[in-house]
**Student:** 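Take this structure, written in C-alpha cells, and hold onto it; I'll ask about it next.
Keep in mind that the numbers below use all heavy atoms, side chains included, and drop hydrogens, waters and symmetry copies. By convention here, the first residue in the shown sequence is residue 1.
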Amino acid sequence: MNEQLFCKTCRRPKANFNCGLCHELTCKSCAQFLGEDTFSFLKKIPHELHHNTYCAQCFDEKVSHSLREYESTMDKAKNVMVFTKDETKKTGHLKRKEAAYLVENCEDEGETILRLAFYAAQDGFNCLLDVELRHKKIIVGSHKKTIYSGTATPITIDPTEVREY
C-alpha cells in the first residue's frame, strides 16, 4: 500500500521533513530551516531552539521572535566598545562593579571578543574593560589546533568618558 505523506501547512503530498517541535510532517517549501550554529552565542539555548527544521506554525509561534532578538543582540554586540588590559590609562578611572565574563573554546580571537561582547549586549552593557585573551595549542596526532579563551568586565558608559592619552 502506497501511503501519501501530506504537509501540515499546505496539505500537498511529499512532506519529507518533521518539525522539531510538533513532529508533524512538512514539505520543503513550507519548512523553515536553521543552521546548527544559529543560536550558538547564547549562554544557554532553550529547548525549542535546538532544532534545525520547523513547520511554519511552530516557527512563527516559538522561534521567529527569539531569532529577531538574537539578531538584534548580535548587532548591538558588534558596537560594544572594547578595551584591553593594556589600555588602563584610558579606562582606569571607570568603576568595575560587575563580575567578569569568561568564554572558552573559541576558534579565533575575533570570535572570542564577539562572544564577550554578545554577553555584554545581552545583559544591557555597551563596553568591555580589561579584555584579556589567551590561547592554547592542541596537538592531536599530526593535527594542530589553537583554541582561544578570554575574560572581560562589562560596564555601561558614555563614550565621552574615555580619556585619550
**Student:** Just verifying a value: how many Å separate M74 CE and F39 CZ, rounded to the nearest 0.5 Å?
**Tutor:** 10.5 Å
**Student:** Going from CD1 on I155 to CZ on F83, what distance comes out if it is rounded to the nearest 0.5 angstrom?
**Tutor:** 8.5 Å
**Student:** In Å, rounded to the nearest 0.5 Å, how long is the span from SG of C7 to CG of N16?
**Tutor:** 10.0 Å
**Student:** Under 3.5 Å, side-chain donor or acceptor atoms of residues 98-122 against the rest of the protein: list the pairs with distances, not counting sequence neighbours.
**Tutor:**
unit_1 : atom_1 : unit_2 : atom_2 : d
Y101   : OH     : Y119   : O      : 3.4
Y101   : OH     : D123   : OD2    : 2.6
D108   : OD1    : G110   : N      : 3.2
D108   : OD1    : E111   : N      : 2.7
E111   : OE1    : E107   : N      : 2.9
E111   : OE2    : R115   : NE     : 2.8
E111   : OE2    : R115   : NH2    : 3.1
T112   : OG1    : D108   : O      : 2.9
R115   : NH1    : S40    : O      : 2.9

**Student:** Do the non-hydrogen side-chain atoms of C55 and E24 ever get within less than 4.5 Å of each other?
**Tutor:**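 A side-chain contact is absent here, since even the closest heavy-atom pair is not under 4.5 Å.
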**Student:** Sub-3.5 Å donor-acceptor pair from the side chain of N126 to the main-chain atoms of I157, do we have one?
**Tutor:** yes
**Student:** Mind checking whether F41 and V80 sit in one hydrophobic cluster, side chains of I, L, V, M, F, W, Y counted as touching below 4.5 Å?
**Tutor:**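 Yes, F41 connects to V80 through the hydrophobic network.
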**Student:** Determine whether R134 and T151 make a side-chain contact, defined as any pair of heavy atoms from C-beta on separated by less than 4.5 Å.
**Tutor:**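 In contact.
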**Student:** Mark yes or no for whether T73, through its side chain, and E69, through its backbone, hold a donor-acceptor pair below 3.5 Å.
**Tutor:** yes
**Student:** Any side-chain heavy atom of P46 sitting closer than 4.5 Å to one from S66?
**Tutor:** no
**Student:** Taking the inter-plane angle between the rings of H51 and Y54 on a 0 to 90° scale, is it parallel (under 30°), tilted (30 to 60°) or perpendicular (over 60°)?
**Tutor:** perpendicular
**Student:** Cluster question for you: counting only ILVMFWY and a side-chain heavy-atom cut-off of under 4.5 Å, with indirect links fine, are I139 and I147 together?
**Tutor:**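 No.
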**Student:** Let me see the working for K62 and L21 under side chain to side chain contact (heavy atoms under 4.5 Å, CB included), right down to the final yes or no.
**Tutor:** CA-CA 9 Å; K62 304 202 173 144; L21 292 176; 4.0 Å; yes
**Student:** Answer yes if L133 and M81 sit in the same cluster of Ile, Leu, Val, Met, Phe, Trp and Tyr residues linked by side chain heavy atoms under 4.5 Å apart, and no otherwise.
**Tutor:**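 L133 and M81: separate clusters.
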**Student:** I need the C30 SG to K8 NZ distance, nearest 0.5 Å.
**Tutor:** 11.0 Å
**Student:** Which heavy atom of L128 sits nearest a heavy atom of A152, and at what distance?
**Tutor:** CD2-CB, 3.9 Å
**Student:** Which heavy atom of K28 sits nearest a heavy atom of F33, and at what distance?
**Tutor:** O-CE1, 3.9 Å
**Student:** Check T146 against K137 and note the closest heavy-atom contact, atom names and distance.
**Tutor:** OG1-CG, 3.8 Å
**Student:** So, do L67 and L34 sit near enough that their side-chain heavy atoms are less than 4.5 Å apart?
**Tutor:**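 A side-chain contact under 4.5 Å exists here.
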**Student:** So R12 and K14, do their side chains get closer than 4.5 Å, heavy atoms only?
**Tutor:**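 Not in contact.
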**Student:** Assigning hydrophobic clusters by single linkage (Ile, Leu, Val, Met, Phe, Trp, Tyr; side-chain heavy-atom cutoff under 4.5 Å), is L5 placed with F17?
**Tutor:** no
**Student:** Nearest 0.5 Å, what's the CG-CG distance between D130 and D86?
**Tutor:** 10.0 Å
